[in-house]
Amino acid sequence: MTILDRRLHAYRPDLAESGLRGQVDAPRFVDGTPARIAVPVVGLRPRPDDAIGIDTELLMGEDVTVFDRADGWCWIKASSDGYVGYVPEGALSEQGDAATHIVTVQRTFLYREPELRKPYSSILSMGSRVRIVGEAEARGNHYAMLEDGTAIFAKHVAPVGTGHGDDYVDIATRFLETPYLWGGRSGLGIDCSGLVQLSMLMTGRAAPRDTDMQAAALGEPIDRAELRRGDLVFWKGHVAAMEDSETIIHANGHTMTVARENFEAAIKRIGWLYEQPTGYRRPII
């Protein structure tokens, strides 16, 4: 039997994804069925138990594959980064027609109708995907209309596939002062590797989810002396992006926010807990 990573390979003693035939022992293999995240943000957990911490989060409109449904939980794999885990069954819907637009601001409101003075129904994070079917105008403001009649400020979304530039660090700076959240991956709360992954997603680049995955496979290794804007600095269990040759931006448990910090000062501060940086990498543009 091959030893695989439970975060990226769907296998249990009773069930495994079809792609693992010949690699794991399981009495049953399944292809899974497509579904889509139907809530603003949902935590993905390693076990079907809401009393345990989350591994990561999935955003409105992201596609998943469902391998099992039981006791109000679904065992899924995210299409965006291949992460495997459990979400409440109520967080999913049928896949339906493809999303047309993606949220491009840190967070925005979804209104019950196209009027900013009216109550909102939910808050969507950057990276959330929606299907726009029309437009409306009220008091000089333009809104994009969803199939269910809700409205979103039109300037806060862009067509899926639209380029948002190559500078993911510029995207990351929009999250400054966002609360730190272990496993977070949204404008409501985010962790260090989630900040890197979501910022890169918005520039059209795929990135692994967790720090160890990014340190092993994201971009190319470089020497410390080569560091420049956009390069990544890794510690054991932590990652930061270079904003310039002297400054990092990272979601961190010290300030409990996304923050800027002097690189050399950060090395001294972090050293007592995580020791020295374990490596440096340059994402491939």
Side-chain angles (χ1 to χ4, degrees), residues 40-44 53-60 62 80-81 83 102-109 123-128 156 164-215 218-219 227-271 273-274 277-283:
V41 60
V42 62
L44 186 74
I54 63 173
D55 280 337
T56 184
E57 291 179 321
L58 299 175
L59 306 176
M60 170 78 81
E62 291 191 309
S80 60
D81 58 15
Y83 219 107
I102 187 169
V103 175
T104 57
V105 293
Q106 181 188 7
R107 48 187 172 262
T108 190
F109 294 103
I123 302 174
L124 299 184
S125 166
M126 179 186 291
S128 301
H156 289 180
H164 304 290
D166 295 326
D167 188 357
Y168 84 91
V169 179
D170 178 63
I171 302 293
T173 61
R174 302 180 196 180
F175 288 89
L176 283 168
E177 299 189 6
T178 298
Y180 177 87
L181 176 66
W182 180 273
R185 187 178 159 266
S186 82
L188 303 178
I190 201 161
D191 67 14
C192 61
S193 54
L195 177 65
V196 170
Q197 187 194 47
L198 184 55
S199 299
M200 288 192 174
L201 169 72
M202 298 305 296
T203 61
R205 285 177 283 183
R209 174 59 180 92
D210 291 342
T211 305
D212 63 324
M213 301 175 187
Q214 294 176 358
L218 185 54
L227 286 172
R228 68 188 189 196
R229 182 179 176 89
D231 292 338
L232 297 171
V233 182
F234 292 92
W235 289 262
K236 183 180 179 181
H238 188 61
V239 61
M242 299 298 299
E243 186 173 22
D244 55 42
S245 61
E246 299 179 350
T247 310
I248 60 172
I249 180 169
H250 59 156
N252 67 92
H254 177 66
T255 64
M256 288 301 291
T257 63
V258 175
R260 286 189 177 99
E261 189 171 2
N262 176 269
F263 178 43
E264 295 298 336
I267 288 178
K268 293 178 181 179
R269 179 184 64 75
I270 295 171
L273 182 62
Y274 292 112
T278 57
Y280 311 91
R281 297 186 75 91
R282 177 163 296 159

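Please read all numbers here as calculations on a predicted model, not as lab measurements.
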Does a side chain donor of either T173 or E243 reach within less than 3.5 Å of an acceptor in the other side chain?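 T173 vs E243: no donor-acceptor pair found between side chains.
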
So, [X] side chain and [Y] main chain: donor-acceptor pair closer than 3.5 Å or not?
X    : Y    : answer
N252 : H250 : yes
S199 : V196 : no
E62  : L59  : yes
E177 : V258 : no
R281 : A215 : yes
D244 : E246 : yes
Y180 : G189 : no

Going by side-chain contact (heavy atoms from CB on, under 4.5 Å), D191 matches just one of Q197, H238, R209. Which one?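 Exactly one pass, corresponding to R209.
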
Do you know which two heavy atoms are closest between [X] and [Y], and how far apart they sit?
X    : Y    : answer
T211 : C192 : OG1-SG, 3.7 Å
S128 : P40  : OG-O, 4.3 Å
P283 : G230 : CD-O, 3.2 Å
G43  : E57  : CA-CG, 4.2 Å

Is any side-chain N of the basic residue among D167 and R229 closer than 4.0 Å to the acidic one's carboxylate O?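 Yes, charged N to carboxylate O under 4.0 Å.
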
F263/T247 under side chain to side chain contact (heavy atoms under 4.5 Å, CB included): CA gap, chis, key distance, verdict: CA-CA 5 Å; F263 178 43; T247 310; over 6 Å; no

Side chain to side chain, [X] and [Y], heavy atoms closer than 4.5 Å:
X    : Y    : value
P208 : L218 : yes
V239 : V233 : no
L44  : I54  : no
R107 : L188 : yes
I190 : L198 : yes
M60  : S186 : no
P277 : F234 : no
D231 : Y280 : no

List the steps, then state whether side chain to side chain contact (heavy atoms under 4.5 Å, CB included) holds for T104 with M126. CA-CA 5 Å; T104 57; M126 179 186 291; 5.7 Å; no

Could you give me the CA-CA distance, side-chain angles and deciding distance for Q106 and S125, then say whether side-chain hydrogen bond (donor to acceptor under 3.5 Å, both in side chains) is met? CA-CA 6 Å; Q106 181 188 7; S125 166; over 6 Å; no

Could you walk me through whether R185 and S80 pass the side chain to side chain contact (heavy atoms under 4.5 Å, CB included) check? CA-CA 13 Å; R185 187 178 159 266; S80 60; 4.0 Å; yes

Could you walk me through whether R205 and Y168 pass the side chain to side chain contact (heavy atoms under 4.5 Å, CB included) check? CA-CA 9 Å; R205 285 177 283 183; Y168 84 91; 3.6 Å; yes

How many angstroms lie between CG in D210 and OG1 in T56, if you round to the nearest 0.5 Å?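 Interatomic distance, D210 CG to T56 OG1, rounded to 0.5 Å: 7.0 Å.
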
Hey, could you give me the CD1/CD distance between I249 and E261, rounded to the nearest 0.5 Å?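 One gets 11.5 Å once the value is rounded to the nearest 0.5 Å.
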
